[in-house]
Amino acid sequence: MPLEGGPRRTVSVLRHEVWTLRPDREPGAEPVTFAMQCAVCCAASVPSVDFADAQAWTFRHAGRHPSHHSYRELITRPWHAFRPDRSPSGGLRAAWPPPP
């Protein structure tokens with residue numbers, strides 16, 4: 001705490017943290033969705049949890065635009081970042097491996 005009338009200092013503490021990233025498969029996670037995008041005109045299907053919906057859109061689009069042969073698959077997959085010294089839900093747990 002600074003003395004009254006004395007200069008104020010800002011102190012920053014920096015430390016290296018190890019993080020882990022994994023697909024989020026928790027019950028409340030967003031679903032994985034699939035869509036297709038035409039590489040010629042950039043039109044795209046609506047994202048769906050069923051790839052068959054995106055595939056059907058591609059066939060309809062190709063039928064309406066016979067010169068459009070190239071498509072991109074767009075997958076949206078939720079991910080979860082966490083520190084390995086904590087459980088994925090955020091609680092503390094023993095670090096592994098233990099520090100030397």
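We count residues from 1, following the sequence as given.
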| How many angstroms lie between OG in Ser48 and CD in Gln55, if you round to the nearest 0.5 Å? | 12.0 Å
| query | Do you know which two heavy atoms are closest between Pro23 and Arg77, and how far apart they sit? | reply | CB-CD, 4.4 Å
| task | Following the transitive rule for hydrophobic clusters with a side-chain heavy-atom cut-off under 4.5 Å over Ile, Leu, Val, Met, Phe, Trp and Tyr, establish whether Tyr71 and Ile75 coincide in one cluster. | result | yes
| request: For residues Pro31 and Val49, report the shortest heavy-atom separation together with the two atoms involved. | output: CB-CG1, 3.6 Å
| Does a sphere of radius 6.0 Å around CD in Glu30 hold more than 12 heavy atoms from other residues, nucleotides or ligands, not counting ones at 6.0 Å or beyond? | no
| Heavy-atom pair of closest approach, residues His68 and Cys38 | ND1-SG, 3.3 Å
| query | Can you get from Leu74 to Val32 by hopping between Ile, Leu, Val, Met, Phe, Trp and Tyr side chains that sit under 4.5 Å apart? | reply | no
| note | Closest heavy-atom pair, Val18 versus Pro84, reported as atoms and distance to 0.1 Å, is O-CD, 3.1 Å
| said: Please verify the inter-ring angle class for His61 with His65; under 30° counts as parallel, over 60° as perpendicular, anything in between as tilted. | reply: tilted
| query | Which pair of heavy atoms, one from Ser45 and one from Ala35, lies closest together, and at what distance? | reply | OG-CA, 3.3 Å
| query | Are any of the side-chain heavy atoms of Glu73 and Met36 separated by less than 4.5 Å? | reply | yes
| request: Measure the acute angle between the ring planes of Phe51 and Phe34, then classify it against the limits of 30° and 60° as parallel, tilted or perpendicular. | output: perpendicular
| said: How long is the straight-line distance from CG of Asp50 back to OG1 of Thr33, given to the nearest 0.5 Å? | reply: 12.0 Å
